[in-house]
Amino acid sequence: MSHWQPTARAAASLLLAAALAACAERADSPVAPAPPPRADVTAAAVTGTIVLSGGGAEGDVGDTSSWSYRLYRKVVENGDVDGDGTVRVAVLTIDASTSFITDYFEWIGTTLGIPVDATVYQVTTRAEANNAALVGAVANADAVFLKGGDQGAYYDQWNGTLLETHIRTVVETRGGAVGGTSAGAMSQGQFCLCGSADLVSADVMTDSHTTYLNDVSDGGTGIHTDFLNFLGGALVDTHFTERGRFGRLLGAMAKAAQDNAAPGILGIGIERQTGLSIRGSVAQVIGNGDVTFVQQTAATSRVRTPGKPLAYTHLRADRLTEGWTYDLGTKLPGTAASGVLAVAYAGDGAANSGALSISGATERDNSKFEKVATYSTKDYSLANTSASVFVRSGVGFTDAGNSSNRGFKQETVFRALYDVPAYSGFLLFSGGTASRVSGSPDVLSFSGAGTLVLDGKTVTNRGLSPYKSYQATSKGTLKAAALTNLTVHVLSESATTGLRYNSRTHSVVP
């Protein structure tokens, strides 16, 4: 293991997230006054490139068309910050590692005509993380890359150690690049979901205070704000669509926003084999799937009651695919990607009629929406329902937390909204029900587990990824859909939260 010689470079201060908006929130009941907003802790000074990957297997050495080559090359392209003629990449992991990732970075350098020397540092304990003989050379790297694994273990073993200090030296003092995949990407947000609990969307849809939001090490919060913090104001989740983590991200955001008085928090959900390259305030989407940016708005309400499902309304989501950019300062997407289509809402559709109940536990209740989408073993398609009573201008899925198909359902409902952007998408979880009575057929009430409502009325642009989705069948053509300015609600327990949804007018109503 070589000991590299650093050359100091002053790091200019750069705030990656803008001054955070003052969003009104209702913390414990839909009628409680909003707490005074407080600015989040500012981000670390970062002048180099930040690369975040949603996980998944990298492409082969030699394949310059792969998603990982397009993304990981940004680490190398950040350059030789100490001017010694070689880009030195420190690859950090807790788990045993093969030589693939070091070979991969060195091969990328070869394709770019840039000498690269990559070294793996397996650091499994706090004692090792404080051992200068083991981790001292990390401070002299031009880039650090955090492998996938368990971000909770990274936090427990690396937080507050010499290794973390050296990582900060590379990124904040030397202007080096920082990259990470899966757990390594999640570790970089200011709000790090790194408690090691196996949290899934269905957990927060059942109990907004689920113990899976806690840290398994000490029972305290599982969302930490004292780790690397290279992306200020952000909470990053990975394997986002593949594992149906939209609900999980919202549950973690709701807790982080409430616990830290941080209404301006930005949730970033990154799908596998997809990522972000960030320079300054501009994030570029690279890869085969989607990256979803979620933020609260001035109209947001949040209801978190222990033992009760999450209720969280009027969030803005921008779901982007390769070719799109996102400005972390303004929290707005660019619209220069190839194939972008403008969307304008044409007006409310026909009135609904008849009483209706949709059970989140019943698969066949997917047919109770006007449009029925196919997924998984069949290629994607969208057709009118054959049911006589249904939700007009609606498309959705029940049992959306099912581990065997939750990713397919999350991908497919967004693909359907690309086709019918003026519709509302619904993801119901087992134990939840959406229902209406004949006297108010446009208004849905919710009971039991929460329901994700994806309101397309506000969508302004749409597009499709140039690549086949991970959720496509072997011969299918399903592609991830990009949608900007989508309105998102989590609705539950209407009898106590007072929150219902008018599916005709696309509005949350008391």
Pair [X], [Y]: side-chain N/O donor-acceptor within cut-off below 3.5 Å:
X: Ser217; Y: Asp156; result: yes
X: Asn502; Y: Asp442; result: no
X: Tyr155; Y: Asp226; result: yes
X: Ser445; Y: Ser435; result: no

So does [Y] get a backbone contact from the side chain of [X], meaning a donor-acceptor N/O pair under 3.5 Å?
X: Lys457; Y: Thr505; answer: yes
X: Thr484; Y: Asn461; answer: yes
X: Thr473; Y: Gly476; answer: yes
X: Ser367; Y: Arg364; answer: yes
X: Ser492; Y: Leu310; answer: yes
X: Thr458; Y: Asn485; answer: yes
X: Thr241; Y: Glu411; answer: no
X: Arg316; Y: Thr487; answer: no
X: Lys368; Y: Ser357; answer: yes
X: Arg406; Y: Arg243; answer: yes

Measure the shortest side-chain to side-chain distance between [X] and [Y] over non-hydrogen atoms and say whether it is less than 4.5 angstrom.
X: Leu486; Y: Asp455; answer: no
X: Leu320; Y: Phe293; answer: yes
X: Thr325; Y: Val285; answer: no
X: Leu454; Y: Phe414; answer: yes
X: Lys255; Y: Thr221; answer: yes
X: Ile286; Y: Leu276; answer: no
X: Leu228; Y: Asn159; answer: no
X: Arg248; Y: Val200; answer: no

Please determine if [X] and [Y] form a salt bridge, counting it only when a charged side-chain N lies under 4.0 Å from a carboxylate O.
X: Lys409; Y: Glu363; answer: yes
X: Arg168; Y: Glu164; answer: yes
X: Asp95; Y: Lys147; answer: no
X: Arg504; Y: Asp348; answer: no
X: Asp419; Y: Arg415; answer: yes

Enter the distance from [X]:[atom1] to [Y]:[atom2] here, rounded to the nearest 0.5 Å.
X: Leu328; Y: Leu231; atom1: CG; atom2: CG; result: 6.0 Å
X: Asn229; Y: Cys192; atom1: CG; atom2: SG; result: 10.0 Å
X: Gln258; Y: Met253; atom1: CD; atom2: CE; result: 13.0 Å
X: Leu332; Y: Asp318; atom1: CG; atom2: CG; result: 7.5 Å
X: Arg500; Y: Arg436; atom1: CZ; atom2: CZ; result: 13.0 Å
X: Ser182; Y: Leu52; atom1: OG; atom2: CG; result: 11.5 Å

query: Which is it for Val488 and Leu452 under the side chain to side chain contact (heavy atoms under 4.5 Å, CB included) test, yes or no, and what are the steps along the way?
result: CA-CA 7 Å; Val488 176; Leu452 264 171; 4.0 Å; yes
Nearest heavy-atom pair of [X] and [Y]: which atoms, and what distance?
X: Ser53; Y: Thr238; answer: O-CG2, 3.8 Å
X: Asp379; Y: Leu478; answer: OD1-N, 4.0 Å
X: Leu92; Y: Ile167; answer: CD1-CD1, 3.5 Å

message: side chain to side chain donor-acceptor pair (under 3.5 Å) for Asn288 and Lys468? Distances and angles first, verdict last.
response: CA-CA 7 Å; Asn288 301 342; Lys468 189 170 78 169; over 6 Å; no
- prompt: How would you list all residue pairs meeting side chain to side chain donor-acceptor pair (under 3.5 Å) that involve residues 193-204, not counting sequence neighbours?
  reply: Asp150-Ser196
Ring pair (Phe, Tyr, Trp, His ring centres under 6.0 Å) partners for [X], two or more places apart:
X: Phe408; result: none
X: Phe446; result: none
X: Phe145; result: Tyr72, Phe105
X: Phe429; result: none

message: Let's go through Tyr380 and Tyr375 carefully: what are the C-alpha distance in whole Å and the side-chain angles of both, what is the deciding distance for ring pair (Phe, Tyr, Trp, His ring centres under 6.0 Å) to 0.1 Å, and is it a yes or a no?
response: CA-CA 5 Å; Tyr380 167 77; Tyr375 67 94; over 10 Å; no
task: Give the ring-plane orientation class for His314 versus His489, where under 30° counts as parallel, over 60° as perpendicular and anything between as tilted.
output: perpendicular
- prompt: Parallel, tilted or perpendicular: which describes the rings of Phe246 and Phe240, with under 30° parallel and over 60° perpendicular?
  reply: tilted
Can you give the donor-acceptor pairs under 3.5 Å from side chains of residues 262-269 to other protein atoms, not counting sequence neighbours?
none

- request: Examine Arg272 relative to Tyr470 and say whether NZ or CZ is less than 6.0 Å from the centre of the six-membered ring and inside a 45° cone about the ring axis.
  value: yes
message: Is the distance from the ring center of His506 to that of Tyr345 below 6.0 Å?
response: yes
Check: Phe390 ring centre within less than 6.0 Å of Phe369 ring centre: no
- request: Flag yes if more than 12 heavy atoms outside Tyr212 fall under 6.0 Å of its OH atom; otherwise flag no.
  value: no
field: Working for side chain to side chain contact (heavy atoms under 4.5 Å, CB included), residues Gln188 and Val178
entry: CA-CA 9 Å; Gln188 297 184 46; Val178 57; 3.6 Å; yes
Verdict with reasoning, Glu322 to Tyr467, per side chain to side chain contact (heavy atoms under 4.5 Å, CB included): CA-CA 9 Å; Glu322 177 153 313; Tyr467 303 99; 3.2 Å; yes
